[in-house]
Structures are given as C-alpha cells and as structure tokens.
Student: 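One structure coming up, written as structure tokens, with questions to follow.
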Amino acid sequence: MRLEGKTALVTGAASGFGEAMATLFAAEGAAVVLADVNDATRVVDAIVASGARATFVQGDVTDRAAVHHMARTAIDDFGTLDIVVNNAGAAHRNLPLLDVSEEDFDRVYAVNVKAIYLSTLEVVPLFRSQGGGTIINTSSTAAIRPRPGLTWYNGSKGAVNTLTKSMAAELAPDNIRVNAICPVIGETGLLETFMGGPDTPEARAEFTAAIPLGRMSQPIDVARAALYLASDDAEFITGVALEVDGGRCI
C-alpha cells in the first residue's frame with residue numbers, strides 16, 4: 001500500500017502503459033482518475049471490482065477545458081490530487097522525415113508536449129495550495145537514443161525530457177517533484193506505428209536486437225517504475241529521466 005491515502009490522475013489510461021499504471025497505483029492504495037479519449041470503463045470496472053477506488057473521465061489532453069475537468073474530478077470525487085501522470089502519447093508512423101504530414105507533426109507535438117503545458121497550468125496551483133505533489137511524464141528512449149524514421153516523434157520526447165528537468169528545478173521550492181520515464185519500444189497499441197509495418201516475428205527481432213536484455217518493454221515494467229517515482233520512497237528524486245529500456249541506452 002505504497003500510495004495509500006493518495007489520489008492519482010493518469011492520462012492515456014484506457015490501455016497500454018497507462019492502464020498498467022492506473023491498475024498498479026490502485027492496488028497500492030491510491031484512488032485513481034483514469035483519463036483518455038477512448039473508453040476506459042473496462043479498466044475502471046476491473047479496479048473497482050478489486051476493491052479499489054477509480055473513476056473515468058473521457059477527454060482530450062490537448063484541450064484545456066478537458067484537462068481542467070480531469071483535475072477537478074480528482075478533487076470532487078476523492079478530495080485531493082497528489083500524483084499526475086502525463087502518459088497520453090501520440091506518434092507518427094515510422095517514415096522518412098520528409099514524408100511525415102504536417103497534420104501528424106502537429107498532433108504529435110500537441111499530445112506529447114502541449115498536453116504537459118496544459119496539465120501544468122491546471123495542477124501546479126493545486127499542488128502549491130496543498131504543499132506539494134508529484135508529476136510523472138512518460139517520455140521515451142527516443143529522446144536519448146533516437147532511431148531513424150521517427151525524427152519528429154524523437155524531438156517531441158526530447159522536449160519532454162528537457163521540460164521535465166526544467167520543471168523540476170523551478171518547482172522544487174514548492175515541494176513538487178517532476179520526473180520522466182523513458183521506456184524502450186513496448187507491446188502497446190503504438191507498436192506497429194513505431195515499427196512502420198506489421199508486427200511480425202522478423203520485425204520484433206530487428207527491434208529487440210538493439211535491447212541488451214533481449215525483449216521489448218511490457219506495461220508492467222513501466223508501471224513499476226512509475227510506482228516508485230510516485231511513492232514516498234522517491235521523495236528525494238526529482239528531475240530524473242528514468243530509462244526503462246533493458247539496456248537500450250547503454
């Protein structure tokens with residue numbers, strides 16, 4: 001029960017890394033607000049059936065009114081907001097950099113970068129009023145060791161890492177910790193987007209060949225890292241971009 005008495009907001013929580021984080025946070029005692037443009041009712045129902053507390057807010061993280069509603073739901077339903085995980089993410093298909101459309105570029109930067117800005121506008125005043133809080137941003141190994149074909153996505157995650165460190169430095173006097181998690185390619189709904197083609201054994205072999213531990217990340221790997229950063233065990237950890245990558249960035 002490492003998060004007992006805390007409330008967490010997790011965006012992009014209907015599947016993948018977000019689902020795993022929300023589920024693990026709830027199992028560790030947190031009340032959880034799951035936010036996603038897609039329906040997360042299935043995940044909420046499973047959490048509630050386990051005896052934990054959770055609710056779902058459907059909304060777009062690139063829309064400030066929707067982000068405000070997400071944060072207010074935590075306060076209105078559970079009385080507090082202690083942990084925010086900016087996990088919702090978007091990627092363009094693995095393509096040569098000149099072949100990525102302007103529409104896809106704008107969407108990637110809106111979801112991966114602007115959403116953190118909007119979240120910060122909404123939650124930092126809340127955290128300041130209560131004496132602190134924790135922000136976790138889902139980044140990527142793409143920010144540290146980028147692959148060709150994902151140039152604009154790589155850049156968006158580079159921005160996430162820089163924002164995380166700058167936010168951590170500026171918000172530390174308010175007892176607000178800010179960290180990032182950098183997963184290597186994982187078994188989520190974006191897998192084929194990152195691959196640039198079908199998920200085949202041959203494609204997987206190509207990608208896992210660059211990972212010393214010999215496999216892709218799993219949602220639970222990322223959830224366990226997020227749990228640590230969200231917990232009081234990490235009370236002296238801020239400004240870190242934690243690589244959850246099987247050694248990819250070595």
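Not measured: the values here are computed from a predicted model.
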Student: Can you check ring pair (Phe, Tyr, Trp, His ring centres under 6.0 Å) on Phe194 and Tyr153, steps first, answer last?
Tutor: CA-CA 10 Å; Phe194 291 132; Tyr153 171 80; 5.1 Å; yes
Student: List, one per line, each side-chain donor-acceptor pair under 3.5 Å for residues 168-175, sequence neighbours excluded.
Tutor:
{"from": "Asp174", "atom 1": "OD2", "to": "Arg128", "atom 2": "NE", "distance (Å)": "3.0"}
{"from": "Asp174", "atom 1": "OD2", "to": "Arg128", "atom 2": "NH2", "distance (Å)": "3.3"}
{"from": "Asn175", "atom 1": "ND2", "to": "Gly131", "atom 2": "O", "distance (Å)": "3.1"}

Student: Distance-only, no hydrogens or angles: does the Ser50 side chain make a donor-acceptor pair with backbone N or O of Ile47 under 3.5 Å?
Tutor: yes
Student: Tell me, do Lys6 and Thr134 make a side-chain contact under 4.5 Å, heavy atoms counted?
Tutor: no
Student: Does a side chain donor of either Ser119 or Asn86 reach within less than 3.5 Å of an acceptor in the other side chain?
Tutor: yes
Student: Do Thr80 and Asp82 have a side chain donor and acceptor closer than 3.5 Å?
Tutor: yes
Student: Got a salt bridge between Asp221 and Arg215, using NZ or NE/NH1/NH2 to carboxylate O under 4.0 Å?
Tutor: yes
Student: Can you give me the closest heavy-atom contact between Ile75 and Leu126, atom names plus distance?
Tutor: CG1-CD1, 4.4 Å
Student: Pick out which of Thr188, Ile181, Leu24, Asn87 makes a side-chain contact (heavy atoms from CB on, under 4.5 Å) with Val222.
Tutor: Ile181
Student: Using a 3.5 Å distance criterion without hydrogens, assess whether the side chain of Asn112 forms a donor-acceptor pair with backbone atoms of Ala90.
Tutor: yes
Student: Is it true that Arg2 and Asp232 have a side-chain N and a carboxylate O under 4.0 angstrom from each other?
Tutor: no
Student: Under the salt bridge (charged side-chain N to carboxylate O under 4.0 Å, His left out) rule, what do Asp106 and Lys114 come out as? Steps first, then yes or no, please.
Tutor: CA-CA 10 Å; Asp106 287 344; Lys114 184 181 179 181; over 6 Å; no
